[in-house]
Amino acid sequence: KEKKVAKSKEGASYDIALKNTENGVVTRFPPEPSGYLHIGHAKAALLNDYFAHEKYNGTLLLRFDDTNPSNEKQEFEDAIVEDLALMGIKPNKMTYTSDYFDELYEHCVKIIEQGDAYADDTEKETMAAQRWDGLPSQRRDLSPEESLSHLEEMKKGTPEGLRWCIRAKISVDCPNKAMRDPVIYRCNPATHHRTGDKWKIYPTYDFACPIVDSMEGVTHALRTIEYRDRNPQYQWMLDTMKMRNVQVWDFARMNFVRTLLSKRKLTKLVETGLVWGWDDPRFPTIRGIRRRGMTIPALREFILKQGPSKAVTNFDWGLIWATNKKYIDPIAPRHTTIFNKNVVKTTVTGGPAAPYSEEKPRHVKNAAVGMKKVVYSSSIILEQEDVKLFKPDEEITLMNWGNAIVRKVTTNEAGLITDLELELHMAGDVKKTEKKVTWLANEGQDLVPVELVDFDHLLTKDSLQEDDVLEDYLNKHTEFREEGMADCNVADLKESDIIQFDRKGYYRLDRAYAPGKPAVFFNIPSGKTK
Ligand code: ATP
Ligand code: MG
Ligand code: MG
């Protein structure tokens, strides 16, 4: 076993290797343009990219597996190209399975002529039952001539042609059910987004993938482990058509708790308007998680670390967000926000007679993050949640200012504190206080209205099973909004900026502040390492 350890772009080492790499490495990422890329696809794409571009000096192909015109759209193709670029993946070449429709058709004719495939019009359910029970189709012994005439009919997309498909003649009752005469061509009169109405028949993935891999010079085909049963079938196709061999390398499918990773189901949520779109921050799409505040280096590190594992895991999101925190914490500027709900107006005695400001580092441990303006005043605001814990004459700390002593607390009939008087005590030791609170001067600066949005998972169940009905497990309450005011510097932040609000957490700015429109921030989970 080869054990070279390569350094990734992040400088980390991953212990993953391919066999038989002496004659070069050509990998491919073959998405179907039927949806936006999700984090599972990111794993497939990053592994292919890693082997082709970091570990070996090879070639990465991006191949659109566009063999089902009913699902595919230009919009999805464009989004896939963009998202790969966002992830720092640069395919050396972009191809389409549809580039090979002529050759694939010729292979289909050839395999029928050889007696290794036949036309079948067995009804779908019956076919599935027969395959399950290991029974032959009634059409299994059709002559090549008869099968070819049905293929002709299929090619025209006639009602008669639509009834038929072509199946590889591999086995009736092989214990590996993937070998039980899989369908290799089917009829579909839908217009294809690239080839238009030229074709009415399309190869299946099982047929097209090995042939195109072989034709394009792919040396290593990476597939998720659930395809393992289909490896002998892949091999059979290449052997039967006497084509150049391709080495298959299996990797584990990536799943996350309470998360859908099926384009079909994600499409459903987009189409029914349950989410804002493919880039919804609750979505596991590349766009969704980026909008939530995931950084690309963290995504790459998390995925490549899982690389060699073949065990299918249902990851907790905590782990990947903890990886992300490692990247954002050292560079996220610190700001302050106070929630509007039951804000406490506070007078500071012994403080400045008039508001004044100072330039302070935006990050206490990283000067490179720059400076911000901090305004001090005798009129400040505090949060109810903090103030209600204050005891009379207690010494507390106003963060990034100094200590103060609680002097006067005014409470209304509802039991809410409305007004507070603090006496500044700058000689006090900030290390000795128990309560350190956030505050904002409400004069001497234009506070910026903000909305802080947090999200919950879209599903109420950790792992949806095959026969679970999606609608039964949709979380009804997944969006939580708080309004607040933030320090004046927040007005200058730009969309996509990642910051930390003191004592609140990490946030990504989704919509920058504009007069009359609050800045909208999305909470970035800080994760946990269990
Ligand atoms: P989906 O179920 O989301 O439609 P798919 O496998 O049908 O996924 P493709 O566009 O065919 O979608 O996938 C492109 C590549 O991404 C394939 O190589 C596939 O194995 C891989 N892939 C898809 N989902 C995952 C996942 N959850 N974990 C790892 N790899 C995945
Ligand atoms: Mg697929
Ligand atoms: Mg799928």
Side-chain angles (χ1 to χ4, degrees), residues 16 27-52 60-73 75-81 83-84 87 89 91 94-98 193 202-210 212-213 216 218 220-231 234 246 248-270 278 283-289 299-300 302-315 317 320 459 463-464 466 470:
I16 27 177
T27 62
R28 88 292 193 262
F29 174 59
E32 184 183 2
S34 56
Y36 284 63
L37 293 184
H38 58 55
I39 188 164
H41 298 126
K43 175 169 182 182
L46 283 169
L47 282 174
N48 279 295
D49 177 60
Y50 174 76
F51 286 131
L60 170 68
L61 308 175
L62 165 61
R63 182 198 308 146
F64 286 106
D65 181 42
D66 53 350
T67 56
N68 185 353
S70 308
N71 297 340
E72 298 153 8
K73 279 200 249 172
E75 172 201 343
F76 297 138
E77 200 183 299
D78 296 342
I80 290 170
V81 170
D83 288 355
L84 289 175
M87 284 192 282
I89 295 175
M94 194 164 100
T95 69
Y96 298 82
T97 302
S98 59
H193 81 283
Y202 296 93
T204 59
Y205 179 81
D206 291 342
F207 187 64
C209 191
V212 179
D213 279 350
E216 288 192 326
V218 170
H220 296 78
L222 276 55
R223 313 223 282 185
T224 43
I225 202 94
E226 76 272 14
Y227 281 104
R228 178 167 277 184
D229 279 355
R230 281 148 91 173
N231 288 349
Y234 181 100
V246 177
V248 173
W249 191 87
D250 302 298
F251 65 92
R253 196 181 169 81
M254 198 157 62
N255 295 315
F256 284 86
V257 296
R258 295 174 66 189
T259 303
L260 293 172
L261 283 183
S262 140
K263 277 186 286 194
R264 198 170 44 78
K265 289 182 182 138
L266 295 174
T267 304
K268 206 163 155 186
L269 297 192
V270 172
W278 283 98
F283 248 20
T285 50
I286 305 306
R287 289 177 190 218
I289 59 175
L299 179 68
R300 293 178 62 98
F302 178 81
I303 287 175
L304 290 172
K305 265 190 184 160
Q306 321 302 331
S309 152
K310 294 201 196 274
V312 181
T313 15
N314 206 8
F315 286 106
W317 281 97
I320 185 167
L459 297 183
S463 173
L464 277 199
E466 199 71 53
L470 174 60

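Since the structure is predicted, the reported quantities are computational estimates derived from the model, not experimental observations. One-based numbering, in listed order, for ligands and for the atoms of each. Heavy atoms only: backbone and side chains are in, while hydrogens, waters and symmetry mates are out.
The closest non-hydrogen atom to atom 12 (O) of ligand 1, taken over Arg223, His41, Arg63, comes from His41. Nearest-residue assignment for atom 11 (O) of ligand 1 (options Glu32, Gln306, Arg28, Lys265; heavy-atom criterion): Glu32.
Heavy atoms of Tyr205 found under 4.0 angstrom from ligand 1: none, in either backbone or side chain.
The shell of residues lying under 4.0 angstrom from ligand 1, judged by heavy atoms, includes Leu261. Proximity of His38 to ligand 1 is established by a heavy-atom distance of less than 4.0 Å. Within the structure, the closest approach of Phe29 to ligand 1 falls below 4.0 Å when heavy atoms are considered.
Between Thr285 and Leu37 the shortest side-chain heavy-atom distance does not fall below 4.5 Å. For the pair Arg230/Asp206, a side-chain contact is recorded, criterion being any heavy-atom separation below 4.5 Å from C-beta on. Considering only heavy atoms from C-beta on, Val81 comes within 4.5 Å of Phe64 through its side chain. Considering only heavy atoms from C-beta on, Phe251 comes within 4.5 Å of Thr224 through its side chain.
Listed by atom number, the atoms of ligand 1 under 4.0 Å from Met254 heavy atoms are 26 (C), 27 (N), 28 (N), 29 (C). Remark: ligand 1 atoms within the under-4.0 Å shell around heavy atoms of Ser262 are 2 (O), 3 (O). Close approach of ligand 1 to Pro31 is summarised as follows: ligand atoms under 4.0 Å from at least one heavy atom of the residue are 10 (O), 14 (C). Interface atoms of ligand 1 facing Ala44, defined by a heavy-atom separation under 4.0 Å, are 16 (O), 21 (C). Within ligand 1, counting atoms from 1 as listed, the ones closer than 4.0 Å to a heavy atom of Thr224 are 20 (O), 29 (C), 30 (N), 31 (C).
Between the side chain of Arg28 and the backbone N or O of Leu62 there is no donor-acceptor pair closer than 3.5 Å. Between the Asp65 side chain and the Pro31 main chain, no donor and acceptor come within less than 3.5 Å of each other.
For Glu75, the side chain to side chain donor-acceptor pair (under 3.5 Å) partners at least two apart in sequence or on another chain are Tyr36. Here Arg223 pairs with Asn231 under the side chain to side chain donor-acceptor pair (under 3.5 Å) rule; sequence neighbours left out.
Ligand 1 has no nitrogen or oxygen under 3.5 angstrom from a nitrogen or oxygen of Tyr227.
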